[in-house]
Undergrad: 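Please read through the structure below; I'll follow up with questions.
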2 protein chains.
Amino acid sequence: MVSLDEVAHAAGVSAATASRALSGRGHVSAAARQRVTEAAERLGYVVSSAASTLASGRSRSIGVMIPDLHRWFFNSVLSGISDTLTRSGYDLTLYNVTRDVQLRREIFRAFLHRRRVDGVIVVALELDDWETKQLQELGLPVIVLGGPLHELPSMAIDDQAVTQLAADHLLALGHRKIGYIGGDQAFDADYHVPSRRRQGFISALHRYGIEADESLVQSADFTIEGGYAAAKQLYGAPGNHMTGIVAASDEMAIGALLAARDLGVSVPQQMSVIGIDGHELGHLFQLTTVDQQPVSQGHTAAEHMLRRVESDDKVTIDLPYSLVVRGSTAVPAHDAPNPCV
Amino acid sequence: MVSLDEVAHAAGVSAATASRALSGRGHVSAAARQRVTEAAERLGYVVSSAASTLASGRSRSIGVMIPDLHRWFFNSVLSGISDTLTRSGYDLTLYNVTRDVQLRREIFRAFLHRRRVDGVIVVALELDDWETKQLQELGLPVIVLGGPLHELPSMAIDDQAVTQLAADHLLALGHRKIGYIGGDQAFDADYHVPSRRRQGFISALHRYGIEADESLVQSADFTIEGGYAAAKQLYGAPGNHMTGIVAASDEMAIGALLAARDLGVSVPQQMSVIGIDGHELGHLFQLTTVDQQPVSQGHTAAEHMLRRVESDDKVTIDLPYSLVVRGSTAVPAHDAPNPCV
DNA sequence: ATTCAAACTGCAAGCGCTTCCAGTATGCCG
DNA sequence: CGGCATACTGGAAGCGCTTGCAGTTTGAAT
């Protein structure tokens, strides 16, 4: 391993100057900088992260806490974060926060305090008070993606508005008996997203003077399998005259699409289905959705993190989203027979 | 931040003894260890990773290089690795190696050399000579998952045998006209896996005295969409009398299943489909597959890494796999009409 | 009781950088 | 041409820990 001293010596300057030349901090003559850069390049010098961190207090690494790598939304966000950090020369330390309570506690208790990171991006985790406190006590910039959480700077889409937009799309098409696949408090692992989306659905109906029919609301775990099972329940309920479904995630919507095929319910002729997320498979399934561009969310979060979120706290950033209309939604066939068994 | 000195002082010992007590290296009396541990706990002491790394040369962090976080196989492996590392108190530094050549080069040139990690696990990346050399020159333990790569210690399933097993399953059921969805050299982003699987398919046919029909072999990119498109090609080819499909990944197999539904080809009555991987959606789709337990692969890789792979090099570990028969495969209906258009 | 090894402990020397500080050189102003 | 600000540079002091070394104590073996 080449040390800074060797580079400095090769360039005919002191280690101090070499350090300044390479880091860009402080004054260095153009000539010296040139020689140092060349020597470093020639010798293949790479700064020792430990030494640099210890001396400067900066680690050039960001911690990312994320719940479930299998869920498309989360690994998309992670991709976005990773991309931006790598481009900026930052490392990414991954904390995969699973349902293992003990491990989770350990991550908050010890891992984060090792000061290996300059900041922490928390993706879609519902934090309890103790965890929030741990994060705050780090004295590091923290960004919560999928908030908002009042105690910490956060970025989030307006989940209620998003779901309302999805429901509005169906309502505007003329649907009136609309089913919902989402979650309730029991699924609030991530900032009440399930609750807030459900609320958005109900509000949308209210604005059309429709009372949500509890029998048309199904809970699921945001996965394809969960959506499939929930949709089967909805399709199977006799006489509900449902013509459309709003699913709180694209994965569940895809599940609903698969269930429809299995039961011979044609989409969009007999049933319109709309999801939320912008899943990569949406195109294949011709799924109408509200795209929340998770990769971009990752980019944005990382960029903000790199700017250190100087703005004191409670920074709450609203993220964009957009309706993408594909083939899974259409005006309801009022004359058609009830597709549900 | 509480320093080791404070802990040592609180426990009435020197920093050296406190360090030994907490790390477990060297001799410390039970009494001293007890007092140090208590003091550390009470003060909330957590070792500074930078200082510890600088002094000891060990960082308690493992780097993981992985290509595509969206692909289920990769994020499964990552989950497994992460789980094992976290349980052992290790951090995971994620290097998401995308198709961006410049970024990729930078990761190998600079990131790895920062000595932030004690070892590197490379998941399913086809390394060129220069990259292999960079890895070797690190002087760190490296494990390649999805090898084998002769130059570096690696772990892999026997891709040829796996695909042969899949094809054998169909052959044993009586299928003779079998299609294949996989890849050729053009898709060899990861250790010739596409090529080796294709070879396994061809060998299996040979053992039954069947020559592979080139028109029944389709290339795809291992995604659901890719499999869907490839399967449509196969189903659409007139007069091929194909009764079964081997897909080199579950995602492509699922694509084939979806295509079958869309074209009215019934599975398994008219068409048997088998995949490879053990995808979590396999259950929903009743997909027969060869499970290679990627999460366990992650565990195994991480465990080996933690044991530092003392054994010099060229450690090549064969990973297990198993056939999981579900509903997507059955004996061919010899009397049935050709399902293909 | 004597000897010796092993257990234990603290001192101090780093690990490889960054950065404060003080000193020298340079440029520009009046 | 003196004076002062500014650019540049190197010395040296850490950053917070680990560990070799040497000294002290203990226990067991003779």
Side-chain angles (χ1 to χ4, degrees), chain A residues 1-37 39-40 43-61 89 91 110 113-118 138-140, chain B residues 1-37 39-40 43-61 89 91 110 113-118 138-140:
Chain A
M1 277 289 111
V2 188
S3 76
L4 182 61
D5 273 325
E6 300 176 50
V7 173
H9 188 252
V13 298
S14 70
T17 298
S19 173
R20 281 185 290 248
L22 292 172
S23 71
R25 305 167 185 279
H27 304 285
V28 181
S29 67
R33 163 166 290 119
Q34 168 79 4
R35 275 178 293 138
V36 170
T37 313
L43 300 175
Y45 170 77
V46 175
V47 67
S48 150
S49 121
S52 172
T53 302
L54 184 57
S56 71
R58 284 168 269 108
S59 69
R60 295 189 73 77
S61 176
D91 276 330
H113 286 271
R114 290 215 268 261
R115 322 229 100 221
R116 198 191 288 283
V117 296
D118 291 338
L138 282 180
L140 296 178
Chain B
M1 278 288 112
V2 189
S3 75
L4 181 62
D5 274 324
E6 300 176 50
V7 173
H9 189 252
V13 298
S14 70
T17 299
S19 172
R20 281 186 285 251
L22 292 173
S23 71
R25 304 165 184 282
H27 304 286
V28 181
S29 67
R33 163 167 290 118
Q34 167 79 5
R35 274 178 293 136
V36 170
T37 313
L43 301 175
Y45 170 77
V46 176
V47 66
S48 151
S49 122
S52 172
T53 301
L54 184 58
S56 71
R58 283 168 270 107
S59 69
R60 295 189 74 75
S61 175
D91 276 331
H113 287 271
R114 289 214 270 261
R115 321 229 101 222
R116 197 192 287 283
V117 297
D118 291 339
L138 282 180
L140 297 177

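All values reported here derive from a predicted model rather than from experimental measurement. Every chain is numbered from 1 and lettered A, B, ... according to where its sequence line falls, protein lines coming before strand lines.
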Undergrad: Under 4.5 Å between any side-chain heavy atoms of B:Val36 and B:Val7, yes or no?
TA: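 Touching, per the 4.5 Å side-chain cut-off.
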Undergrad: The criterion is side-chain contact (heavy atoms from CB on, under 4.5 Å); which residues satisfy it with A:Ser61, sequence neighbours excluded?
TA: A:Ser59, A:Asp91, A:Thr93, A:Val117, B:Arg116
Undergrad: Could you tell me whether the side chain of A:Val46 reaches within less than 4.5 Å of the side chain of A:Met1, counting heavy atoms only?
TA: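 The answer is no; the side chains never approach within 4.5 Å.
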Undergrad: Identify the pairs formed between an N or O of the protein and an N or O of nucleotides 19-22 of chain D at a distance under 3.5 Å, and give each distance.
TA:
{"residue": "D:dT19", "atom": "OP1", "partner": "B:Arg58", "partner atom": "NH2", "Å": "2.5"}
{"residue": "D:dG20", "atom": "O6", "partner": "B:Arg20", "partner atom": "NH1", "Å": "3.4"}

Undergrad: Listing time: all N or O pairs from protein to nucleotides 24-26 of chain C that are below 3.5 Å?
TA:
none

Undergrad: Would you please name every residue forming a side-chain contact (heavy atoms from CB on, under 4.5 Å) with B:Ala50, sequence neighbours left out?
TA: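 Listed in chain order: A:Thr53, A:Leu54, B:Ser48.
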Undergrad: Could you tell me, to 10°, how much the axis swings from one end of the helix from C:dA1-D:dT30 to C:dG30-D:dC1 to the other, five pairs per end?
TA: 30°
Undergrad: Please name all residues satisfying side-chain contact (heavy atoms from CB on, under 4.5 Å) with A:Ser29, sequence neighbours left out, ordered by chain then number.
TA: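 A:Ser29 satisfies side-chain contact (heavy atoms from CB on, under 4.5 Å) with A:Ala31, A:Ala32 once adjacent residues are dropped.
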Undergrad: Going by the rule side-chain contact (heavy atoms from CB on, under 4.5 Å), which residues pair with B:Ser23 if we only count those two or more places apart in sequence or in a different chain?
TA: B:Arg25
Undergrad: Please give me the minimum heavy-atom distance between A:Leu22 and A:Ala40, naming the atom from each residue.
TA: CD2-CB, 4.0 Å
Undergrad: So which nucleotide from C:dC17, C:dG10, D:dA7 ends up closest to the side chain of A:Val47?
TA: C:dC17
Undergrad: Would you tabulate the side-chain donor-acceptor contacts of residues 8-19 of chain B under 3.5 Å, counting partners in other chains and residues two or more places apart, or write 'none'?
TA:
{"residue": "B:Ser14", "atom": "OG", "partner": "B:Ala16", "partner atom": "N", "Å": "3.4"}
{"residue": "B:Ser14", "atom": "OG", "partner": "B:Thr17", "partner atom": "N", "Å": "3.2"}
{"residue": "B:Ser14", "atom": "OG", "partner": "B:Thr17", "partner atom": "OG1", "Å": "3.3"}

Undergrad: If you check every side-chain atom of B:Tyr45, which of D:dG10, C:dC15, D:dC17 has the closest atom?
TA: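 That would be D:dC17.
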